[in-house]
Trainee: 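One structure coming up, written as structure tokens, with questions to follow.
Below, all heavy atoms of this structure are taken into account, side chains as well, without hydrogens, waters or symmetry copies. Everything numeric here is computed off the predicted structure, so don't read it as measured data.
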Amino acid sequence: MTLNQTVRDVTDRIIERSRPARTAYLDRMRAAGEAGPTRGHLSCSNQAHAYAAMGDDQDRLATTQAPNIGIVTAHNEMLSAHQPFGAFPDIIKRAAREVGGTAQIAGGVPAMCDGVTQGQPGMELSLFSRDVIAMAAAVALSHDTFDAAVFLGTCDKIVPGLVMAAATFGHLPAIFLPGGPMTSGLSNEEKAEVRKEFAAGKIDRAALMQAEMAAYHGPGTCTFYGTANSNQMLMEIMGLHLPGAAFINPGTEMRDALTAAGTRQILTLTALGDDYRPLCDILDERAFVNGMVGLMATGGSTNLVMHLPAMARAAGITLTLEDFADLSQVTPLLARVYPNGLADVNHFHAAGGMAWLISQLLDAGLLHEDVQTVAGPGLGRYTQEPVLDGADIRYRPGPEQTENDRILRPVSDPFQATGGLKHLTGNLGEGIIKLSAVAPEHHLIEAPARVFDTQQAVIDAFKAGEFTGNVVIVLRFQGPRANGMPELHGLTPTLSVMQDRGHKVALVTDGRMSGASGKIPAALHLAPEAAMEGPLARIRDGDIIRLDAAAGTLEVLSSEFTGRTPDRPRAGVADHGVGRELFKLFRAHASPATAGASPLFGDDGA
């Protein structure tokens with residue numbers, strides 16, 4: 001199928017826009033690659049330190065040119081999605097030895113659980129943990145004794161941070177080995193209803209706790225289609241997973257077989273062999289366009305509209321909101337997974353999953369097929385699905401049709417003609433809105449503003465009965481410079497109750513709300529943020545705000561708006577407690593959300 005013209009045009013302008021930075025990046029990667037296997041340049045003392053604890057692998061590392069894998073792991077027991085990674089290093093080491101290689105845990109990276117920190121002060125560290133992860137992974141790989149890298153991570157900030165590190169060491173081949181989703185428990189829809197009942201005071205905390213434990217009940221990612229599972233979709237469609245690896249449950253024979261197969265595959269791609277394939281050649285402009293198309297086609301997490309630009313910057317590529325918006329206009333929504341529908345990611349996988357989705361998008365000319373991947377050249381490989389062949393895997397053609405058209409639909413009959421994300425512009429700045437779960441009758445709202453500076457203040461006002469009609473909730477000073485841009489997912493039950501009571505409700509914020517933002521129209525990531533004297537700092541209670549998602553506009557209609565003195569955030573609110581004092585430099589130097597909200601690429605994200 002001929003490549004869609006808009007996809008081609010967006011790709012071409014990204015290439016042109018990025019040319020200086022990308023050229024300089026590739027020059028650095030080529031120089032590092034041409035230097036050859038790094039262990040040979042280390043002194044005997046350097047190497048002895050690196051191999052001292054490697055037991056039976058010591059001699060192979062010290063006296064041969066066998067390829068050595070550096071494992072960077074986010075294993076911990078706080079994230080259900082990362083608990084399975086505790087068993088992965090042994091599988092990787094065993095698989096490496098079977099083909100004459102070695103593997104070492106190069107280092108660990110921190111990994112927060114946003115489910116634990118939702119609505120808590122610790123959430124103010126969450127976004128910047130991505131950049132800490134990137135730096136920690138760089139420290140691990142800086143020992144320079146590795147011929148390839150394996151990254152073990154799954155959840156919200158962890159995968160983007162690891163990709164940023166992998167790109168920085170882009171002269172190395174690299175592969176991402178996922179842990180997979182937990183098995184299905186209490187359905188996401190039932191869980192959401194229980195949360196709304198609790199928010200409305202209809203049930204007690206014991207009933208809420210029972211429902212939450214039934215939903216989050218075992219190892220693996222949470223089963224809704226939030227940021228963690230959007231990450232897994234991205235790693236597959238961008239060619240950094242083996243085909244079919246994203247949504248296999250942990251602790252299964254297939255999961256272990258894919259982990260071993262990924263290890264064997266990455267060892268074939270080192271500079272020591274005949275098929276050297278560094279990550280910098282996989283993670284190019286076409287791969288990022290494929291990722292953005294996948295995000296639109298699945299109604300993925302709004303967080304990735306921040307993470308993808310940060311990941312791309314690490315590879316010398318610049319993405320803009322216009323790129324996302326233009327691709328959204330030509331990409332049909334093919335999947336409905338909670339909160340965009342009733343299904344969870346296990347149901348999505350069973351209905352045809354990534355193989356069928358990629359096949360549909362390729363046939364429609366919406367993806368670049370001519371890319372490099374860890375599995376080999378061409379994205380067509382990812383239309384196949386793995387099956388067990390003893391302890392190993394083989395590939396067969398993927399499904400020819402969806403098994404459930406309430407979850408997955410063909411391009412010829414999509415859930416909606418355009419993608420799940422929309423670019424917003426107007427006199428309140430620019431931002432995004434996720435529409436894949438928002439009913440059409442809620443795409444336009446014009447109502448008076450209620451202005452708040454904290455999530456809790458919104459919840460307190462709701463409990464006090466202050467919301468009695470249509471309203472636009474303006475929640476400001478939630479951007480990266482103000483308080484680290486914590487997720488505002490805790491507002492979803494409250495806002496949902498208001499909407500269910502018949503009110504027109506919208507959220508307008510310089511904060512973020514993740515892939516779980518649900519059915520409430522939410523204008524997110526507004527930039528410039530209020531802490532930088534952006535337009536939100538001039539909004540007052542009663543100002544009429546018009547959000548028109550169809551037109552992509554967000555405006556305040558008050559005539560005296562621009563002449564007001566901007567409000568300032570309360571001094572010291574985000575400065576101390578749960579480690580926030582250690583992130584002062586991150587807040588001071590974070591780029592705008594539209595450029596990735598990172599302190600690693602300069603104040604303007606450059």
Side-chain angles (χ1 to χ4, degrees), residues 1-19 21-23 25-26 29-30 33 163 166-167 170-176 233-246 262 265-266 268-269 273-298 308 311-312 314-319 323-324 326-328 330-332 334 353-386 395 397-398 410-411 419:
M1 180 65 69
T2 302
L3 188 67
N4 177 277
Q5 189 61 47
T6 298
V7 174
R8 185 184 305 279
D9 290 345
V10 170
T11 306
D12 287 346
R13 79 184 185 212
I14 292 171
I15 291 172
E16 186 58 33
R17 178 196 306 139
S18 306
R19 194 177 304 279
R22 178 69 176 172
T23 299
Y25 167 78
L26 288 176
M29 296 304 107
R30 301 290 180 238
V163 170
H171 63 288
L172 294 177
I175 192 169
F176 283 67
M233 178 280 298
L234 280 170
M235 293 301 95
E236 191 146 326
I237 208 167
M238 293 175 72
L240 299 179
H241 279 174
L242 286 185
Q265 177 62 14
I266 201 62
T268 70
L269 305 183
D274 298 325
D275 189 20
Y276 176 47
R277 199 176 311 152
L279 181 83
C280 62
D281 288 345
I282 294 174
L283 207 59
D284 66 5
E285 295 91 344
R286 294 167 300 173
F288 279 101
V289 168
N290 285 350
M292 288 189 282
V293 169
L295 193 68
M296 303 305 168
T298 57
L308 276 166
M311 293 153 61
I317 297 168
T318 301
L319 306 180
D323 299 329
F324 288 91
D326 288 353
L327 292 172
S328 181
V330 298
T331 305
L334 303 185
M354 291 301 299
W356 195 79
L357 178 83
I358 291 173
S359 177
Q360 284 292 304
L361 293 171
L362 280 172
D363 287 348
L366 291 167
L367 294 174
H368 291 278
E369 200 283 331
D370 59 334
V371 293
Q372 287 288 347
T373 78
V374 295
L379 195 61
R381 297 170 183 271
Y382 287 73
T383 65
Q384 302 177 90
E385 62 182 8
Y395 281 92
V411 169

Trainee: Please evaluate residues Asp326 and Asp9 with respect to the criterion side-chain contact (heavy atoms from CB on, under 4.5 Å), reporting the C-alpha separation (whole Å), side-chain torsions for both, the decisive distance (0.1 Å), and the verdict.
Mentor: CA-CA 10 Å; Asp326 288 353; Asp9 290 345; over 6 Å; no

Trainee: Roughly how far, to the nearest 0.5 Å, is the OG1 atom of Thr331 from the CG atom of Leu367?
Mentor: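 Here the interatomic distance stands at 8.0 Å.
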
Trainee: Output the distance between atom CG (Leu242) and atom OH (Tyr382), rounded to the nearest 0.5 Å.
Mentor: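 Rounded to the nearest 0.5 Å, the CG-OH separation comes out at 6.5 Å.
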
Trainee: Indicate yes or no for a side-chain donor-acceptor contact from Gln384 to the backbone of Pro397 under 3.5 Å, with no hydrogens or angles considered.
Mentor: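 No.
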
Trainee: Atom CG of Leu361 and atom CH2 of Trp356: how far apart are they, to the nearest 0.5 Å?
Mentor: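 Rounded to the nearest 0.5 Å, the CG-CH2 separation comes to 9.0 Å.
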
Trainee: Looking at side-chain heavy atoms only, is the closest gap between Glu285 and Arg22 below 4.5 Å?
Mentor: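 SC-SC contact between Glu285 and Arg22 confirmed.
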
Trainee: Please tell me if the side chains of Ile175 and Leu269 come closer than 4.5 Å, counting only heavy atoms from C-beta onward.
Mentor: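 SC-SC contact between Ile175 and Leu269 ruled out.
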
Trainee: Quick check: do Pro173 and Thr268 have side-chain heavy atoms less than 4.5 Å from each other?
Mentor: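 A side-chain contact is absent here, since even the closest heavy-atom pair is not under 4.5 Å.
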
Trainee: Is the closest side-chain heavy-atom distance between Ile317 and Leu319 below 4.5 Å?
Mentor: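 A side-chain contact under 4.5 Å exists here.
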
Trainee: Walk me through it: do Arg381 and Tyr395 pass the test side-chain contact (heavy atoms from CB on, under 4.5 Å)?
Mentor: CA-CA 9 Å; Arg381 297 170 183 271; Tyr395 281 92; over 6 Å; no

Trainee: Quick check: closest heavy atoms across Pro278 and Gly170, and the distance to 0.1 Å?
Mentor: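 Scanning both residues, the minimum pair turns out to be CB-O, 3.3 Å.
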
Trainee: Could you tell me which non-hydrogen atom of Gly398 sits nearest to which non-hydrogen atom of Ala355, and how far apart they are?
Mentor: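 What the structure gives for the nearest pair is CA-CB, 4.3 Å.
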
Trainee: Show the nearest heavy-atom pair for residues Phe288 and Ala312, with the distance to one decimal.
Mentor: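 Here Phe288 and Ala312 meet closest at CZ-CA, 3.4 Å.
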
Trainee: Checking Gln360 side chain against Leu357 main chain: does a donor-acceptor pair fall under 3.5 Å?
Mentor: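 No, Gln360 side chain to Leu357 backbone: no donor-acceptor pair under 3.5 Å.
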
Trainee: Of all the heavy-atom pairs spanning Phe324 and Met292, show the shortest one and how long it is.
Mentor: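 What the structure gives for the nearest pair is CE2-CG, 3.5 Å.
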
Trainee: Tell me the closest heavy-atom pair linking Val411 and Pro332, and the distance in Å.
Mentor: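 Where Val411 meets Pro332 most closely, the heavy atoms are CG1-CG, 4.2 Å.
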
Trainee: Return the CG to CD distance between Leu379 and Gln372, rounded to the nearest 0.5 Å.
Mentor: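 It is 11.5 Å, given to the nearest 0.5 Å.
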
Trainee: Decide side-chain contact (heavy atoms from CB on, under 4.5 Å) for Leu334 and Thr298; before the verdict, give the C-alpha distance in whole Å, the side-chain angles of both, and the deciding distance to 0.1 Å.
Mentor: CA-CA 6 Å; Leu334 303 185; Thr298 57; over 6 Å; no

Trainee: Is it true that a side-chain atom of Ser18 and a backbone atom of Ile14 form a donor plus acceptor pair closer than 3.5 Å?
Mentor: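 Yes.
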
Trainee: Is Glu16 salt-bridged to Arg13, cutoff N-O under 4.0 Å?
Mentor: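 Answer for the salt bridge query: no.
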
Trainee: Roughly how far, to the nearest 0.5 Å, is the CG atom of Leu283 from the OH atom of Tyr25?
Mentor: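 Going from the OH atom of Tyr25 to the CG atom of Leu283 covers 6.5 Å.
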
Trainee: So which atom in Gly33 and which in Tyr276 form the shortest heavy-atom distance, rounded to 0.1 Å?
Mentor: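 Heavy atoms only, the tightest pair is CA-OH, 3.7 Å.
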
Trainee: Below 4.5 Å, heavy atoms only, C-beta onward: do Val163 and Phe176 meet side chain to side chain?
Mentor: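 A side-chain contact under 4.5 Å exists here.
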
Trainee: Check whether any side-chain heavy atom of Arg30 lies under 4.5 Å from a side-chain heavy atom of Cys280, and answer yes or no.
Mentor: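 The answer is yes; the side chains approach within 4.5 Å.
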
Trainee: Please round to the nearest 0.5 Å and tell me the distance separating atom CZ of Arg17 and atom OG1 of Thr318.
Mentor: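 Arg17 atom CZ to Thr318 atom OG1 measures 7.0 Å (nearest 0.5 Å).
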
Trainee: Can a donor-acceptor pair be found, under 3.5 Å and without considering hydrogens, that links the side chain of Glu236 to the backbone of His241?
Mentor: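 Such a contact is absent between Glu236 side chain and His241 backbone.
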
Trainee: Give a yes or no on whether the backbone of Val374 and the side-chain of Gln265 come within a donor-acceptor separation of less than 3.5 Å.
Mentor: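 Indeed, once roles are kept as given, a pair shorter than 3.5 Å links the two residues.
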
Trainee: Given side-chain contact (heavy atoms from CB on, under 4.5 Å), test Met311 with Leu308 step by step and report yes or no.
Mentor: CA-CA 5 Å; Met311 293 153 61; Leu308 276 166; 4.1 Å; yes

Trainee: Using side-chain heavy atoms (C-beta onward) and a distance below 4.5 Å, is Val371 in contact with Ile282?
Mentor: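 They are not in side-chain contact.
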
Trainee: Checking Arg286 side chain against Asp370 main chain: does a donor-acceptor pair fall under 3.5 Å?
Mentor: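 Judged by distance alone, yes, a pair lies under 3.5 Å.
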
Trainee: Are side-chain heavy atoms of Met238 and Thr373 found at a separation under 4.5 Å?
Mentor: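 Contact flag for Met238/Thr373 side chains = no.
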
